[in-house]
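The figures that follow rest on heavy atoms only: side chains count, while hydrogens, waters and symmetry mates do not.
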There are 2 protein chains.
Amino acid sequence: MQDKLFEFISKYITLNEDEKNALLSLDLFHSVKKGTVLLREGQQSLDSYFVLKGCFRVYYIIDGEEKTTAFYTELDAFTPHCAINKTSSDYYVSCVEDSILLISNAEMSVEVNRKFPKFDIMCRMLSEELLAKQRIDFDEFKTSSPEQRYLNLLQKRPDLIQRVPQHQLASYLGIKPQSLSRLRARILEKKI
Amino acid sequence: MQDKLFEFISKYITLNEDEKNALLSLDLFHSVKKGTVLLREGQQSLDSYFVLKGCFRVYYIIDGEEKTTAFYTELDAFTPHCAINKTSSDYYVSCVEDSILLISNAEMSVEVNRKFPKFDIMCRMLSEELLAKQRIDFDEFKTSSPEQRYLNLLQKRPDLIQRVPQHQLASYLGIKPQSLSRLRARILEKKI
DNA sequence: TGTATTTCTTAACTTAAGTGAACGATTTGT
DNA sequence: ACAAATCGTTCACTTAAGTTAAGAAATACA
């Protein structure tokens, strides 16, 4: 599991043994049970998450209804808005499956980055990359219909459709669960 | 105009005179006429943009139709996907108004960041902040209807509705120009 | 294992967005 | 200043998503 982390990091920077050990000494690895809520609305947390195995999601509760807006799976990194702005969270973060996550908090990062400026470089590269990638996702969302979005998801993250409940997928696609059911039926009819 | 830049930077890091002069010596300031296309589909550019005055937009041409997905106005920063991934661009970038932009290219940045590691820190802070902010925007988009999105825009960026053509706004809101017209008429009726 | 709860699907009806077309208003270029 | 092109609005019609409700299927858990 540690290897997965170092392999991921090696795409950005090269670590020597000292640096690797410094990382490992931080007690970042956590086993998290399905359904565990990592962050709640209103809460102030400085934690960041990185998925080694499993899946977690971000959701809002609007008018008593859950609206899932993001899923994070293997090798995805996520720092909640509240950790960056030191505000309280607008959303919840919870585990979709039993998972192994890296959980680091901002104070920790400051210290590591002071000792090893390399990490700062990596974080910069990573967030620039994520920013650009997310913008593409947003653009695709804006320029396509719910049906196209579903077909697109089927292409790009086929695993999600298997591992995640339909009603969570629906709001991720910006529609109601009933509409997702109907839309899938429509696609199946077209194929036959 | 330079003051605006330094004021912006001061939110992240503190620059001494040497550092300020190093920045100014780079010939970053550009006056750009309305309608100028800064980046085309298929083009490979390493330029990043920062708006001191004016407005530019990002748009795709899909099935011969322009789909505007983003507007950048005063103090907004934007690095295209192609500059980060060294690929060719999927979209166009063009000026909505006569503007004053900072245009920097990646090689330039590498050099400046080598001389002044501070800039790297700032870039990291900025892109983390933008990443989190953009995610909130995306979440709001997913969880609301076209009408809500329009009303939301009216609140958050009222200037955009004045300075930008309706048909560009429409695709920014994820709908057709006719639907935007109708939706606005509907809102007006409700108010009366 | 059996019961309660949650989730998924289907259906009928309502509402709003997409489409194609027309027309006046505005802007652009010469 | 004028003609041409672009843009914004309206309309009638089509298509798809929202809503409400009901029942079947899957899941949780005691």
In whole angstroms, the gap separating P of D:dA17 from CD of A:Q148 amounts to 11 Å

dist A:L101:CG -> A:L28:CG (nearest 0.5 Å) comes out at 11.5 Å

Expected list for residues 55-67 of chain A near DNA chain D, using heavy atoms below 4.0 Å, is none

Residues 150-174 of chain B vs salt bridge (charged side-chain N to carboxylate O under 4.0 Å, His left out), sequence neighbours excluded, gives B:E74-B:R163, B:D76-B:R157, B:E97-B:R163, B:E140-B:K156, B:D159-B:R163

In short, salt bridge (charged side-chain N to carboxylate O under 4.0 Å, His left out) pairs touching residues 114-129 of chain B with sequence neighbours left out are A:D120-B:R124, A:R124-B:D120, B:E19-B:K118, B:R124-B:E128, B:E129-B:K133

By salt bridge (charged side-chain N to carboxylate O under 4.0 Å, His left out), B:K67 pairs with (sequence neighbours left out) none

The salt bridge (charged side-chain N to carboxylate O under 4.0 Å, His left out) partners of A:E111 (sequence neighbours excluded) come to none

B:E147 CD to C:dA16 P, in whole Å, measures 7 Å

Residues passing the side chain to side chain donor-acceptor pair (under 3.5 Å) test with B:H81, sequence neighbours excluded, are B:N85

All N/O pairs under 3.5 Å across the protein-nucleotides 4-11 of chain D interface:
unit_1, atom_1, unit_2, atom_2, d
D:dG8, OP1, B:Q166, N, 2.8
D:dG8, OP2, B:H167, N, 3.1
D:dG8, OP2, B:H167, ND1, 2.8
D:dT9, OP2, B:S181, OG, 2.8
D:dT9, O5', B:S181, OG, 3.3

A:R186 CZ to D:dG18 P, in whole Å, measures 11 Å

Exercise. Determine whether the side chains of B:Y91 and A:D139 contain a donor N or O and an acceptor N or O closer than 3.5 Å.
Key: no

In whole angstroms, the gap separating P of D:dA17 from NZ of B:K142 amounts to 17 Å

With A:F56 as partner, the option from A:F71, A:Y92, A:Y72 fulfilling ring-ring contact (aromatic ring centres under 6.0 Å, His included) is A:Y72

Rounded to whole Å, the CD1-C1' distance (A:I187 to C:dT9) equals 15 Å

From CG of A:L183 across to C1' of C:dA17 the rounded distance in Å is 15 Å

So NE2 of B:H30 and CG of B:L102: to nearest 0.5 Å the spacing works out to 8.0 Å

B:D137 meets the side chain to side chain donor-acceptor pair (under 3.5 Å) criterion, sequence neighbours left out, with none

Closest non-hydrogen contact found for A:I161 with A:Q166 is O-NE2, 4.2 Å

Atom OH of B:Y150 and atom P of C:dA17 are separated, to the nearest Å, by 13 Å

Applying side chain to side chain contact (heavy atoms under 4.5 Å, CB included) to B:K11 and not counting sequence neighbours gives B:F8

Whole-Å distance, B:K176 NZ to C:dA21 P, equals 15 Å

Kindly give the atom pairs (protein nitrogen or oxygen, nucleotide nitrogen or oxygen) under 3.5 Å for nucleotides 24-29 of chain C.
none

So side chain to side chain donor-acceptor pair (under 3.5 Å) across residues 34-56 of chain A, not counting sequence neighbours, yields A:S48-A:T79

Computed from five pairs at either end and rounded to 10 degrees, the angle between the axes of the helix from C:dT1-D:dA30 to C:dT30-D:dA1 is 70°

